Protein chains: 2
Amino acid sequence: MPCNKLRAEFLKNLDESLLSPLPPFRRLSHGQIREILDLAHPLLVAQGHEVFCEGMSAERFYLLLDGHIRVERINAAGDRVVSLHIPPGQLFGIAAALGRNTYPATSVAATECMTLWWPLSLFDGFAARYDGFADEVHRTVGHRFEEMNSRVMELATQQVEQRVASALLRLTRQNGRQTDTGIEIAFPITRRIISEMTGSTLHTVSRLLSTWERGDILQSHRKHINVLDPDRLEALSRPDAPL
Amino acid sequence: MPCNKLRAEFLKNLDESLLSPLPPFRRLSHGQIREILDLAHPLLVAQGHEVFCEGMSAERFYLLLDGHIRVERINAAGDRVVSLHIPPGQLFGIAAALGRNTYPATSVAATECMTLWWPLSLFDGFAARYDGFADEVHRTVGHRFEEMNSRVMELATQQVEQRVASALLRLTRQNGRQTDTGIEIAFPITRRIISEMTGSTLHTVSRLLSTWERGDILQSHRKHINVLDPDRLEALSRPDAPL
DNA sequence: CGTGCCTTTGAGAAATATCAAAGCCTGTGG
DNA sequence: CCACAGGCTTTGATATTTCTCAAAGGCACG
């Protein structure tokens with residue numbers, strides 16, 4: 001269990017090298033990282049539990065040390081839409097950078113997650129004081145914006161098959177783990193969740209995955225997906241490739 | 001350079017009061033606004049012309065003084081998707097705030113547009129020096145992010161009728177002009193553009209508008225749409241309201 | 001060792017796109 | 001001043017994608 005190891009690290013007081021390779025802190029001295037760590041609060045979140053909810057007052061910002069976070073929203077009719085999966089090493093809950101004082105979406109631990117958080121009041125200070133932090137926050141916002149934009153494009157112009165293929169590819173790229181036969185999505189994921197990522201239904205997703213499994217594009221079993229042939233999946237995801 | 005002379009002339013004639021009520025400059029003194037104006041370049045964009053294109057190096061940021069900007073992207077298959085309409089008084093082309101060095105989308109003048117622009121190199125200085133500017137940039141990014149998010153939700157969970165109703169409501173709220181019978185969208189807009197905003201087709205949009213016109217929810221003629229009964233449109237836009 | 005989620009698959013229904021055609025404005029150039 | 005071209009709009013008929021409904025088996029966890 002990686003998290004147990006991390007908990008051990010906490011006991012011996014969080015090594016600076018945990019943060020120093022991460023983009024928001026890359027340009028900082030060990031002394032600065034020590035300062036930042038001393039202000040941080042560790043928080044372990046069990047699988048399936050919420051870190052914060054849409055609409056909550058945004059009193060903290062977070063860094064994901066280990067695990068995977070799923071970002072989701074629910075509309076008035078109760079339909080859930082999954083916006084994003086956040087891999088380890090990234091900041092999240094950075095509503096402050098969007099000029100907001102509430103969180104725009106809900107964060108759920110897709111696997112057990114080790115996080116650090118700081119009170120929002122420190123955010124501006126970090127941005128002003130630590131070289132590269134503000135830049136990285138902007139870049140993160142920019143990436144998520146870009147991702148949002150791509151989703152809109154896909155939803156507006158592509159068919160379900162292409163959208164599901166794109167979603168799987170994105171998951172393998174951003175949240176994948178190399179296996180000896182392919183790239184596996186690094187957290188448990190159901191047909192239902194994929195349908196919530198793609199504006200589809202679990203039935204349609206199930207049919208697609210079955211077809212792709214018969215074609216040796218991927219293997220799937222009970223919340224696990226291992227992509228064997230990303231190139232073929234990529235071909236299926238292209239706007240002009242029906243078959 | 002005669003051009004510089006003209007520019008100086010133009011900017012001298014621009015009254016500080018043109019900028020002082022706008023959110024990014026609201027907290028500034030007239031002296032500060034004068035400084036900002038003296039650094040600005042005016043640009044008049046004819047209807048239908050592009051201000052900048054997706055992928056271009058982001059060397060400027062803009063303020064829209066008058067007119068309406070349409071933000072759009074084109075996918076690999078050539079399908080156009082309209083992301084946003086920007087009303088007068090807002091900043092745009094603020095890729096810098098997203099940690100990008102290229103524009104993420106294309107901006108087209110939906111009506112003739114009066115804009116000011118500044119070289120990107122001034123952006124960080126503005127943010128650091130002028131109280132409220134950075135905040136307002138963040139808020140603007142936050143609003144656009146929020147809007148993007150709503151679009152994803154709508155596309156993923158709602159039917160075309162509801163999406164078109166939502167799109168029209170948003171246009172009336174953000175880009176509307178009060179008339180004696182209702183609220184008119186303040187720039188020419190075709191069925192095709194509405195379909196590109198909603199991931200639909202011009203045929204379906206045309207059928208919906210015809211139906212709504214028969215029901216006295218709106219009036220429409222040749223690129224003009226006047227919403228007579230926003231409440232009924234709002235009801236049609238709700239996730240659970242099929243009829 | 002049952003209960004609840006996860007998954008699969010079939011059949012039919014519904015929403016919406018596509019194809020096709022025609023009328024209508026509007027601005028342009030003769 | 002008129003005629004025409006090109007984009008805008010409407011509407012019908014048909015096709016297709018994808019959802020909805022239905023049912024059943026499997027796996028995991030308490």
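Chain identifiers are assigned alphabetically (A, B, ...) following the order of the sequence lines, protein sequences preceding nucleic acid strands; residue numbering begins at 1 within each chain. Quantities reported herein were computed from a predicted structural model and do not represent experimental measurements.
The backbone N or O of Tyr103(A) lies less than 3.5 Å from no partner atom in the side chain of Glu54(A), so there is not a single donor-acceptor pair.
Ring pair Phe145(A)/Phe145(B) is tilted by interplanar angle, where 30° to 60° counts as tilted. Ring geometry for Tyr62(B) versus Trp117(B): interplanar angle of 30 to 60°, hence tilted.
Near DNA chain D, meaning a heavy atom under 4.0 Å from it, residues 187-198 of chain B has Thr190(B), Arg191(B) in order of number. DNA chain C lies under 4.0 Å from at least one heavy atom of each of the following residues of residues 218-226 of chain A: Arg222(A), Lys223(A).
Checked options Leu209(B), Thr181(B), Val227(B); the residue passing with Gln219(B) is Thr181(B) (criterion: side chain to side chain contact (heavy atoms under 4.5 Å, CB included)).
For the atom pair CG of Asp231(B) and CG of Leu236(B), the computed distance is 11.0 Å after rounding to the nearest 0.5 Å. Within the model, atoms CG of Leu18(A) and CG of Asp15(A) stand 7.0 Å from one another, a figure rounded to the nearest 0.5 Å.
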* **Check against side chain to side chain contact (heavy atoms under 4.5 Å, CB included), Arg191(B) and Val205(B)** => CA-CA 6 Å; Arg191(B) 304 328 187 219; Val205(B) 172; 4.3 Å; yes
* Where along nucleotides 11-19 of chain D does protein come under 4.0 Å, by heavy atom, of base (B) or sugar-phosphate alone (S), with - for untouched nucleotides? -> BBB---SSS
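Remark: His224(B) engages Glu184(B) in a side chain to side chain contact (heavy atoms under 4.5 Å, CB included) (not counting sequence neighbours). Every side chain to side chain contact (heavy atoms under 4.5 Å, CB included) that Thr157(A) has, sequence neighbours left out, goes to Asn75(B), Asp79(B), Val81(B).
Between Glu234(A) and Arg238(A) a salt bridge is recorded (basic side-chain N to carboxylate O distance below 4.0 Å). Between Arg73(A) and Glu146(B) there is a salt bridge, with a side-chain nitrogen of the basic residue lying less than 4.0 Å from a carboxylate oxygen of the acidic one. The pair Glu196(B)-Arg80(B) meets the salt-bridge criterion, with a side-chain N (NZ, NE, NH1 or NH2) lying under 4.0 Å from an Asp/Glu carboxylate O.
Where the helix from dC1(C)-dG30(D) to dG30(C)-dC1(D) starts and where it ends, the local axes point in directions that differ by 40°; five pairs per end, rounded to 10°.
Between Trp212(B) atom CH2 and dT10(D) atom C1' the separation is 16 Å, expressed in whole Å.
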